[in-house]
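Below is one structure; the comments refer to it alone.
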Amino acid sequence: MGFIKKIFTGKTEYSEEDYYDYDLEYEDPDWDRLAGDRQPLELNDVSVCETYVKNCLETMKGASDEIDRLNKEYEQVNDQLKDLEVVSELPEIDQRELAGIAKSIKQLRGDHDSYVLKESTMTDREYKLVESIEDDIVEAIKKLEEQEDYKKKIKADLKRIDRERHACDYRKKELEINLDNSKSAALVAIGAAGFLFLILFLMQVGLKLDVVIGYYITIGLAAIALTAIYVKYADFSSEKSRVNSTINELILLENKVKIRYVNNKNLLDYLYMKYDVVDAWTLKDLYARFDAEREARSKFEKNEKYYQEELAKLVRTLRACHVIDPEAWVHRIDALLDQREIVEVRHSLIQRRQKLRKQIEYNQNLAKESGDSIKALIEERPRFKDDILKIINSYEGEEE
């Protein structure tokens, strides 16, 4: 009776080891490692295929936009690398002139700093860092804060989706057990009915008893039991289909969020390297201290005019030497005095370019994989070809 009751209540008894609290024991996966591992879908339904194709098209569009943005930044870094080569290969007379201007500028900076940095709240390196990005530091802080907040939201989404996946998988296993138990219960009911028929037959033949009512009762009980089992089986089967559909939707959503996570992480890594900070708070703190430092330094403007003239002279000289971005050298005076500094600047720019190239290649591969996925889907599911092509044409029309 306990077995039959378990079937009709739709519940399965488990030991304490079969249960655990996902909220208490859940461990946040290593998304840096897992974000590129997008799980496959069961593409046997046209609606799932349509959603998958739309997701691939959105991925391709997002990757294309990201590549455009990265290419612009890549060109800027390339221009600065070309300027390094131009300066390094200048004739000796031009290099001496630039070194003289740079030496003068460095001296003026030293005189200036000797006044305002007596009780400095910032290192010279920190001050130069903020000074070099002063024009866009407010926007840089805002962008870093937005991206860091966005990363937290993405990780929260990934955690929530992953937990929902675990819950769905757990429920799916329960339903599979219940379906197996329903089949077993049906066999028990049929076996019991057969046994009763045999007993009634023996009573009818051996004892010459009238057992017609017994037959009717047995048939009625068997019909009721099998009907109840069938209804439960149908409920379990229907719920399993819904759970499978939910799992597919979660996989699709998780794959999409993982792509966002990778792009967000790559962008943050690049921005941290670009601004030489570990987080937005550090840059914000530097900027706050920079304002106080600049106010103190502003009291000593006696040499400022000459200093500005020398800077303008440096820019004019560099521009005459066909340097693409002469203003950038205002913050690279040491590189005009020491070739070792040029090596350091080149190394930093090459690292930035490598980061950008890695991001560009990732998005190119992402766009290609998405396109190949659509082609493969058309080849593997030719019956969906017309529906897929309609979605592609519609998407292209919207983009135009």
Side-chain angles (χ1 to χ4, degrees), residues 26-41 52 55-78 129 133 136-166 249-287 347-373:
Y26 178 83
E27 293 184 2
D28 198 2
D30 181 5
W31 295 116
D32 290 351
R33 179 175 62 83
L34 298 176
D37 180 22
R38 292 180 288 281
Q39 300 186 26
L41 293 168
Y52 177 74
N55 180 69
C56 288
L57 293 172
E58 290 175 3
T59 299
M60 294 170 69
K61 175 62 169 59
S64 176
D65 293 342
E66 187 70 7
I67 289 171
D68 290 341
R69 183 192 67 78
L70 293 170
N71 278 331
K72 291 179 182 178
E73 185 81 20
Y74 190 86
E75 289 175 6
Q76 293 177 4
V77 175
N78 258 346
L129 168 65
I133 59 174
D136 64 345
I137 191 170
V138 175
E139 185 64 28
I141 292 171
K142 180 181 178 182
K143 189 171 185 178
L144 277 172
E145 289 178 335
E146 288 175 349
Q147 292 301 319
E148 287 175 348
D149 288 341
Y150 187 45
K151 183 177 182 179
K152 292 178 182 177
K153 293 177 181 177
I154 293 175
K155 292 189 74 172
D157 287 344
L158 285 171
K159 183 176 180 179
R160 175 182 57 80
I161 294 169
D162 198 58
R163 289 169 60 183
E164 290 180 7
R165 278 283 313 280
H166 278 81
E249 292 175 0
L250 290 172
I251 290 174
L252 188 63
L253 180 59
E254 185 178 58
N255 290 344
K256 188 173 182 180
V257 176
K258 283 179 179 179
I259 293 172
R260 294 177 183 172
Y261 181 87
V262 171
N263 275 322
N264 170 262
K265 181 182 181 299
N266 288 337
L267 177 58
L268 277 175
D269 287 345
Y270 175 72
L271 291 175
Y272 291 151
M273 175 179 286
K274 180 178 180 180
Y275 300 121
D276 196 18
V277 294
V278 295
D279 53 32
W281 183 89
T282 302
L283 187 60
K284 193 173 183 179
D285 178 63
L286 286 174
Y287 184 48
H347 180 67
S348 177
L349 289 172
I350 288 173
Q351 281 188 319
R352 285 171 57 184
R353 188 171 64 178
Q354 288 173 343
K355 279 282 186 181
L356 290 168
R357 187 182 294 124
K358 180 181 177 181
Q359 294 180 65
I360 292 171
E361 288 176 354
Y362 171 78
N363 283 279
Q364 287 174 339
N365 291 334
L366 184 62
K368 183 178 182 302
E369 288 173 4
S370 297
D372 291 344
S373 296

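Residues Leu356 and Asn71 fail the side-chain proximity criterion, which asks for heavy atoms closer than 4.5 Å. Side-chain contact between Lys355 and Asn266 is absent, with no heavy atoms from C-beta onward closer than 4.5 Å. When side chains are defined from C-beta on, Leu283 counts as touching Ile133, because their heavy atoms get closer than 4.5 Å. Put simply, the side chain of Gln359 does not reach to within 4.5 Å of the side chain of Glu73, judged on heavy atoms. Counting heavy atoms from C-beta on, the side chains of Leu349 and Arg353 never come closer than 4.5 Å. Taking 4.5 Å as the limit, some side-chain heavy atom of Tyr275 sits within range of a side-chain heavy atom of Asp136. Side-chain contact between Lys258 and Glu254 is present, with heavy atoms from C-beta onward closer than 4.5 Å. Taking the side chain as every heavy atom from C-beta outward, Gln364 and Lys368 never approach each other to under 4.5 Å.
No side-chain N or O of Asp285 forms a donor-acceptor pair with one of Thr282 less than 3.5 Å apart.
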For this session: Evaluate the side chain to side chain contact (heavy atoms under 4.5 Å, CB included) criterion for residues Ile161 and Ile251: first the C-alpha distance (whole Å), next the side-chain angles of each, then the deciding distance (0.1 Å), finally the verdict.
Result: CA-CA 8 Å; Ile161 294 169; Ile251 290 174; over 6 Å; no
For this session: Begin with the C-alpha distance, continue with both residues' side-chain angles, and end with the deciding distance and a verdict on salt bridge (Lys or Arg N to Asp or Glu O under 4.0 Å) for Asp68 and Lys72.
Result: CA-CA 7 Å; Asp68 290 341; Lys72 291 179 182 178; over 6 Å; no
Problem set entry | Check against side chain to side chain contact (heavy atoms under 4.5 Å, CB included), Tyr150 and Arg260 | CA-CA 10 Å; Tyr150 187 45; Arg260 294 177 183 172; 3.3 Å; yes
For this session: With side chain to side chain contact (heavy atoms under 4.5 Å, CB included) as the test, would you mind laying out the steps for Leu253 and Asp157 before giving the verdict?
Result: CA-CA 10 Å; Leu253 180 59; Asp157 287 344; over 6 Å; no
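Taking NZ from Lys274 and CG from Leu267, the interatomic distance works out to 9.5 Å, rounded to the nearest 0.5 Å. Taking OG of Ser370 as the start and CD of Glu58 as the end, the distance is 10.5 Å to the nearest 0.5 Å. For the atom pair Asp279 CG and Leu271 CG, the distance stands at 12.5 Å (nearest 0.5 Å). Distance check, rounded to the nearest 0.5 Å: NZ of Lys358 to CG of Asp269 gives 7.5 Å. Atom-to-atom distance recorded for Arg352:CZ and Tyr74:OH is 12.5 Å, nearest 0.5 angstrom. Taking CG of Leu70 as the reference point, atom OH of Tyr270 lies at 9.0 Å (rounded to 0.5 Å).
A salt bridge links Lys61 with Asp65: the distance from a Lys NZ or Arg NE/NH1/NH2 to an Asp or Glu carboxylate oxygen falls below 4.0 Å.
Closest heavy-atom contact between Leu144 and Ala280: CB-CB, 3.6 Å.
Other residues, nucleotides and ligands place no more than 12 heavy atoms under 6.0 Å from the NZ atom of Lys284.
Judged by distance alone, the side chain of Ser64 and the main-chain N or O of Met60 form no donor-acceptor pair under 3.5 Å.
The side chain to side chain contact (heavy atoms under 4.5 Å, CB included) test with Asn264 is passed by exactly one of Gln147, Lys155, Glu148: Gln147.
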